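Worksheet for the structure shown next.
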Amino acid sequence: MKSEIETKAKTSYPKDKIRVVLLEGVHARGAAMFRGEGFHVESLSGAPDEAKLLKLASECHVLGVRSKSLVPRKVLEASPRLLAIGCFCIGTDQVDLGEARDRGVPVFNAPFSNTRSVAELTIAEVIALSRQMFPKSTQMHAGQWDKSATGAHEVRGRTIGIVGYGHIGSQVSVLAEAMGMRVIYYDIVPKLPLGNARAVRSLAELLRESDFVTLHVPANESTSGLMGSRQFKLMKPGAFLINNARGSVVHVPALVAALKDGTVAGAAVDVFPHEPASKGEKFESPLCGLPNVILTPHIGGSTEEAQETIAMDVAEKLIKFVNVGTTTGAVNVPEVELPPQHVDLMGMNERDGDLGTGDGKSLETPRKHRILHFHRNVPGVLRQVHARIAGLGANVSAEYLRTNEQVGYMVLDVDPTNARKVVEEIRQVPETVRVRVLW
Ligand code: NAI
């Protein structure tokens, strides 16, 4: 690893020299936050092709992407200045997380920022299904007036069964209860019930009791095909299914059969096993054309509020990492929450390894220097680091460390007089991946 990676110390830059590149139309609030910190920001609306991305990434310190910009090893190799990557979305698959980790580049995302949006869509669908809103609307568009109440119900007093009582599931729980619904849920992990919600012991129990079954589980081996013909048969007659989780969770041909033979009264589906990659691509599914089936193009989390919250969430994590060294919320490196350091990045000297200040102010008010050290997590690294620091007689006022299987992240607050020597010593440790200094 060391042969590929330059391990010399990266010192703090003047803030306006920190270049942030945001791709794919990240909400303007993100750029505003970076600008508020004094960083230089470039925002692009689309996803660049690989050559353009290589160039942009190689010239920036912070890269912000959404789901369409791939950041493979090749891009990371070409981007030695890159300090961190922000995925302004939920998923992080578009980034080679292992490679970024091995280079000491934390990757941040926004796992909960669209939770409320998905929960609200789910509630809207509960009522829409119960009132046959979509078939009635379709009839009206065709000039038909059918005012009949047959089969239309209030949701008050009805039971909603939530499969997966995580962030979204528990929000649905709160909203559904506020509408007077009875809430039950099934989760493989014990979860604190909110309000009057009640946990059930099995999926089968949930299916037998629920008027609405709503899925909020992740896509994984345990949830693949979770809802198939056997499960549909267990559902209460007249019950509805809502899938705003992932396409793989429902066996679509079985759902189509259950809808056609009336086992399931209706469905709302936002996610599909095969989803068009872009706007122009045709959507095809055996669910198309079935009555009382609401189809939406994976918009559960797509609201302007969610986009803004995502931008704020990820920008804040990136700013905290650049300014303070905090890695809380990183998906690929150990998470270390750091107290604010008496760090003043203004007027800093850009020269690598130079611990002098640019404005002379810190000479009047000496601050601790913070050394951020990513290293390969193999036995003996800490011993080496401690021995080297002890050899210098350096005054370390605080030390923070977290490791995962592959890398360790160590942060040292040291007296300014020792900082340069400590960095030089740490650089000599062969397992060092990256060193950065804040002061
Ligand atoms: P979460 O991780 O907070 O909650 C998932 C819950 O499912 C956890 O409590 C977990 O223990 C439970 N679970 C896992 N496997 C299970 C199983 N086999 N049976 C029962 N429970 C199980 O995730 P969050 O944020 O609530 O999101 C849920 C899913 O919603 C995401 O994984 C994603 O696939 C989907 N989603 C869809 C969006 C859309 O636009 N339609 C937007 C955002 C998320």
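Here the structure is a predicted model, which means the values were calculated and not measured. Just follow the structure's listing: the first ligand is 1, and inside any ligand the first atom is 1.
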**Prompt:** Does Asn323 reach the side chain of Lys15, with side-chain heavy atoms less than 4.5 Å apart?
**Reply:** yes

**Asked** Does Glu308 come within less than 4.0 Å of Arg29, counting only side-chain N to carboxylate O?
**Response** yes

**Asked** Honestly, is Arg101 close enough over Phe374, meaning NZ or CZ under 6.0 Å from the six-membered ring centre and within 45° of the axis?
**Response** no

**Item:** Nearest-contact summary for atom 41 (N) of ligand 1 - protein heavy atom, Å
**Value:** Asp270 OD2, 2.9 Å

**Request:** Please lay out, stage by stage, how Tyr400 and Tyr409 fare under the test ring-ring contact (aromatic ring centres under 6.0 Å, His included).
**Result:** CA-CA 8 Å; Tyr400 312 85; Tyr409 181 40; 9.6 Å; no

**Prompt:** Heavy-atom distance to atom 12 (C) of ligand 1: which of Val189, Asp187, Leu215 wins?
**Reply:** Asp187

**Request:** Applying side chain to side chain donor-acceptor pair (under 3.5 Å), run through Asn244 and Thr122 and close with a yes or a no.
**Result:** CA-CA 7 Å; Asn244 290 337; Thr122 304; 3.0 Å; yes

**Item:** Heavy atom of the protein closest to atom 4 (O) of ligand 1 (residue, atom name, distance)
**Value:** Gly166 CA, 3.2 Å

**Message:** Yes or no, since that's all I need: does a protein heavy atom fall within a distance strictly under 4.0 Å of atom 23 (O) of ligand 1?
**Reply:** no

**Asked** With under 30° as parallel and over 60° as perpendicular, where do the rings of Phe212 and Phe240 fit, or are they tilted in between?
**Response** parallel

**Prompt:** Do NZ/NE/NH1/NH2 and the carboxylate oxygens of Glu209 and Lys236 come within less than 4.0 Å?
**Reply:** no

**Asked** Do NZ/NE/NH1/NH2 and the carboxylate oxygens of Arg376 and Glu431 come within less than 4.0 Å?
**Response** no

**Test item: Leu372 and Arg370 side chains (from C-beta on) under 4.5 Å apart, heavy atoms** = yes

**Fill in**
Looking at Asn244, Asn114, Val217, Asn220, the heavy atom closest to atom 37 (C) of ligand 1 belongs to Asn244

**Request:** Name the option, out of Ile90, Ile188, Leu121, that contains the heavy atom nearest to atom 20 (C) of ligand 1.
**Result:** Ile188

**Request:** Would you mind checking which non-hydrogen protein atom is closest to atom 2 (O) of ligand 1, with the distance to 0.1 Å?
**Result:** His167 ND1, 4.7 Å

**Message:** Counting non-hydrogen protein atoms only, what is the nearest one to atom 34 (O) of ligand 1? Give residue, atom name and distance.
**Reply:** Arg246 CG, 3.1 Å

**Prompt:** Is Lys191 in contact with ligand 1, taking contact as a heavy-atom separation below 4.0 Å?
**Reply:** yes

**Request:** For the pair Glu42 and Arg19, find out whether any cationic side-chain nitrogen is under 4.0 Å from an anionic carboxylate oxygen.
**Result:** yes

**Asked** Under 4.0 Å from atom 27 (O) of ligand 1, is there any protein heavy atom?
**Response** yes

**Fill in**
Looking only at protein heavy atoms, what sits closest to atom 18 (N) of ligand 1 is Ser222 OG, 3.1 Å

**Complete:** the protein heavy atom lying closest to atom 35 (C) of ligand 1 turns out to be Ala245 O, 3.5 Å

**Asked** In ligand 1, which numbered atoms sit nearer than 4.0 Å to a non-hydrogen atom of His216?
**Response** 5 (C), 6 (C), 7 (O), 28 (C)

**Asked** Is there any N or O on Ile168 that sits under 3.5 Å from an N or O of ligand 1?
**Response** yes

**Asked** Counting each atom of ligand 1 from 1 as listed, which ones have a heavy atom of His298 under 4.0 Å away?
**Response** 39 (C), 40 (O), 41 (N)

**Prompt:** Who's closest to atom 14 (C) of ligand 1 heavy-atom-wise, of Pro218, Gly164, Ser202, Gly169?
**Reply:** Pro218

**Message:** To check your reading of the model: name the closest protein heavy atom to atom 42 (C) of ligand 1, its residue, and the distance in Å.
**Reply:** Val118 CG2, 3.4 Å

**Request:** Measure the spacing between CG of Asp270 and CG of Leu215 and express it to the nearest 0.5 Å.
**Result:** 12.0 Å

